[in-house]
Amino acid sequence: MTQAQGGRGVRDRVRVGFLGCGRIADLQCLGYRDHPHAEIRAVCDVDPELAARRAAEWGAAAAYTRLEDLLGDPEIDAVEILTPHHLHAAHAIAALEAGKAVSLQKPPTLTLAELDAVCAAARRTGQPFRVFENFMYYPPHRKAKELVEAGAIGEPLSVRIKTAAGRLGDGWAVPARSMAWRTDPRTCGGGPTTFDHGYHCYHMARFFMPVEVERVHAFVHWFRLGEGAWYDGPALVSWKYAGDVPRYGSWEVIASLGLRVRSRYYVSDDRLEIHGSEGVIWVNRCTGQLLEEPSLVLYRDGETRAFHDLETDWAASFRLGGMDFVDALRSGRAAPQDGESARRTLAFALAVGRSAAEGREVAIAELG
Ligand SMILES: NC(=O)c1ccc[n+]([C@@H]2O[C@H](COP(=O)([O-])OP(=O)(O)OC[C@H]3O[C@@H](n4cnc5c(N)ncnc54)[C@H](O)[C@@H]3O)[C@@H](O)[C@H]2O)c1
């Protein structure tokens, strides 16, 4: 039973409505299905067959095809928004104004102005709002953050990330229609790599550091996949952190489209290295599982320590992230990312696009 409807009141049970039931809903459902105080109460997708299939799969009481019907359902406390990026702003504002708490998938919006409008709606309505970024919930990343904060590598100085896109057709099947809006410049907001996947990496660049990113530079290679469809990769992004301590970071994307990347999900091998003044942490996997290495290795004082007991399935990041939203709603605290943090990560992503397009270093502050 819900003890308080809307706003930041304490709730006993959280009843969630899913808006968009496509590819990623397979993982996004996990936290709500597994949480003892949550349920997926309704789903909504413009594709009626998909909506009906998801409702049956998740035991949801209602399947809608119209946003108004989902938002008019009084049995829903929160909306999980999983529609294409260009619809996020309108969908999030409508859900907040209908009195629902909102969890919005990354990247939150296409522009900062759109995100500002969503945040203004959250303030106006008093409804809880978060942007969901799952890499921050990936257990090896959480462990790495815990180690950094405990001083295991001294002062963190650099974050280096490497992503290798592998052979298409391996991993899970991504429907063509799920790729179509992602590669279309009118709907994707930036490249599927440097804007969409990049949002995770830019957030990781910020996640482990005590200071914000100040300046970025990017090389991005674009190639045409077909009529009105573009892919961005390979790419090389570098950044400088603010503050007196010189700190830099980089993200390299390799479009190794003949490389077999073992993966239950997207064919993407993601690796991350955090260098400190006294040690180094390597996180050796995330989405895919290219090699059977320990998921996390810590080096310090001439010794390495390998962590073999962390949960490494990428799906865990979605399950934990869903559960955290429920816990936040139940306790009345704000769930990460809040609007301000999401705005910084989005500005980073937009600065990367601008740098690559204009062939120059871009200060994040230029984005406004
Ligand atoms: N965190 C991650 O790693 C991750 C991974 C994949 C996708 N995503 C994000 O999740 C979102 C969805 O991605 P996806 O891969 O599932 O896309 P998808 O194309 O597979 O699914 C989107 C769904 O939204 C539905 N839809 C479109 N317009 C609608 C409307 N007006 N009302 C209701 N439903 C509508 C479509 O029919 C489709 O089923 C995107 O924002 C994407 O960036 C995040």
Side-chain angles (χ1 to χ4, degrees), residues 17-31 42-55 57 62-71 79-95 102-110 114-115 118 130-138 141 163 171-184 187-204 263-268 270 286-288 313-322 324-325 336-337 342 345-346 349:
F18 267 51
L19 178 58
C21 298
R23 181 71 271 195
I24 206 61
D26 277 301
L27 299 184
Q28 198 71 37
C29 68
L30 300 175
V43 302
C44 175
D45 199 293
V46 285
D47 176 342
E49 271 177 41
L50 183 58
R53 179 161 65 77
R54 290 301 199 187
E57 215 175 292
Y64 301 113
T65 54
R66 292 168 6 119
L67 175 67
E68 310 83 270
D69 296 335
L70 178 79
L71 298 184
V79 179
E80 178 66 53
I81 299 180
L82 297 171
T83 48
H85 317 330
H86 65 294
L87 303 174
H88 282 186
H91 285 169
I93 292 169
V102 166
S103 168
L104 177 62
Q105 264 287 339
K106 53 51 61 182
T109 52
L110 302 191
E114 280 183 342
L115 181 56
V118 175
R130 71 139 181 199
V131 171
F132 178 63
E133 190 292 304
N134 64 299
F135 277 32
M136 66 171 288
Y137 288 101
Y138 185 56
H141 291 161
T163 298
W172 65 0
V174 181
R177 70 176 194 181
S178 180
M179 287 311 293
W181 60 264
R182 272 195 170 78
T183 52
D184 182 339
T187 48
C188 67
T193 308
T194 54
F195 183 70
D196 184 356
H197 188 74
Y199 190 92
H200 298 294
C201 300
Y202 311 139
H203 185 51
M204 288 299 96
S263 178
R264 295 177 62 193
Y265 312 105
Y266 298 104
V267 281
S268 175
D270 308 298
C286 185
T287 316
D313 190 329
W314 191 57
S317 60
F318 289 87
R319 185 169 46 75
L320 294 169
D324 190 38
F325 187 52
Q337 285 185 286
T345 307
L346 180 61

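Just so you know, ligand 1 is whichever comes first in the structure, and atom 1 is the first atom listed for that ligand.
- Atom 32 (N) of ligand 1 has its closest protein heavy atom at V46 CG1, 3.7 Å.
- When only interatomic distances are considered, the shortest N/O to N/O separation between W314 and ligand 1 does not fall below 3.5 Å.
- Within the listing of ligand 1, atoms 1 (N), 2 (C), 3 (O) sit less than 4.0 angstrom from a heavy atom of H200.
- Ligand 1 does not have A180 within reach: every non-hydrogen atom of the residue lies 4.0 Å or more from it.
- Atom 19 (O) of ligand 1 has W181 NE1, 2.8 Å as its closest protein atom, hydrogens excluded (heavy atom only).
- P107 is listed as a side-chain neighbour of F195, based on a closest heavy-atom distance under 4.5 Å.
- Under a 4.0 angstrom heavy-atom cut-off, H197 registers as lying outside contact with ligand 1.
- Taking all heavy atoms of E133, R177, H85, Q105 into account, the minimum distance to atom 43 (O) of ligand 1 is reached by H85.
- For D45 and R54, the salt-bridge test fails: no basic side-chain N is under 4.0 Å from an acidic carboxylate O.
- Interatomic distance, OG of S103 versus CG of L19, reported as 11.5 Å (0.5 Å rounding).
- When each atom of ligand 1 is checked for a heavy atom of H91 under 4.0 Å away, the hits are 30 (C), 31 (N).
- Proximity of a side-chain donor or acceptor of Y202 to a complementary backbone N or O of T194 within less than 3.5 Å is detected.
- For the ligand labelled ligand 1, residue F135 lies outside the 4.0 Å heavy-atom shell.
- R182 NH2, 3.1 Å is the protein heavy atom nearest to atom 7 (C) of ligand 1.
- Between S317 atom OG and F132 atom CZ the span is 6.0 Å, to the nearest 0.5 Å.
- In this structure, D47 pairs ionically with R177, as a charged nitrogen and a carboxylate oxygen lie closer than 4.0 Å.
- Contact check for Y199 versus V131: side-chain heavy atoms found under the 4.5 Å cut-off.
- Ranking protein heavy atoms by distance to atom 6 (C) of ligand 1, first place goes to Y266 OH, 3.1 Å.
- Of all heavy-atom pairs spanning G322 and R130, the tightest one is CA-NH2, 4.2 Å.
- Classification of the F135-H200 ring pair by plane angle, with boundaries at 30° and 60°, yields parallel.
- Expressed to the nearest 0.5 Å, how far SG of C44 lies from CZ of F18 amounts to 12.5 Å.
- Counting protein heavy atoms only, atom 37 (O) of ligand 1 is closest to D45 OD1, 2.6 Å.
- Not a single heavy atom of F132 sits under 4.0 Å from any atom of ligand 1.
- Side-chain atoms of H88 come within 3.5 Å of backbone atoms of P108 as a donor-acceptor pair (strictly under, hydrogens ignored).
- Summarising the contacts of atom 18 (P) of ligand 1 with S317, S178, A90, G189, the nearest heavy atom is found in S178.
- Residue I24 places at least one N or O, backbone or side chain, under 3.5 Å from an N or O of ligand 1.
- Counting heavy atoms under 4.0 Å from ligand 1, residue V174 does not touch it at all.
- Here the protein heavy atom with the shortest distance to atom 12 (C) of ligand 1 is L82 O, 3.1 Å.
- When non-hydrogen atoms are compared, ligand 1 lies under 4.0 Å from neither the backbone nor the side chain of L67.
- Taking a 4.0 Å cut-off on heavy atoms, Q28 fails to register as neighbouring ligand 1.
- Per-residue contacts place P107 under 4.0 angstrom from the following atoms of ligand 1 (heavy atoms of the residue considered): 43 (O).
- Here the heavy atom of the protein found nearest to atom 27 (C) of ligand 1 is P84 CD, 3.7 Å.
- Of the candidates L19, D47, T83, L87, T83 brings a heavy atom nearest to atom 35 (C) of ligand 1.
- Nearest non-hydrogen protein atom to atom 21 (O) of ligand 1 is G22 CA, 3.3 Å.
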Yes or no on side chain to side chain donor-acceptor pair (under 3.5 Å) for E133 and T345, after CA distance, side-chain angles and deciding distance?
CA-CA 10 Å; E133 190 292 304; T345 307; over 6 Å; no

Residues D270, H197; criterion side chain to side chain donor-acceptor pair (under 3.5 Å); working and verdict:
CA-CA 11 Å; D270 308 298; H197 188 74; 3.1 Å; yes

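- Between the R319 side chain and the A315 main chain, no donor and acceptor come within less than 3.5 Å of each other.
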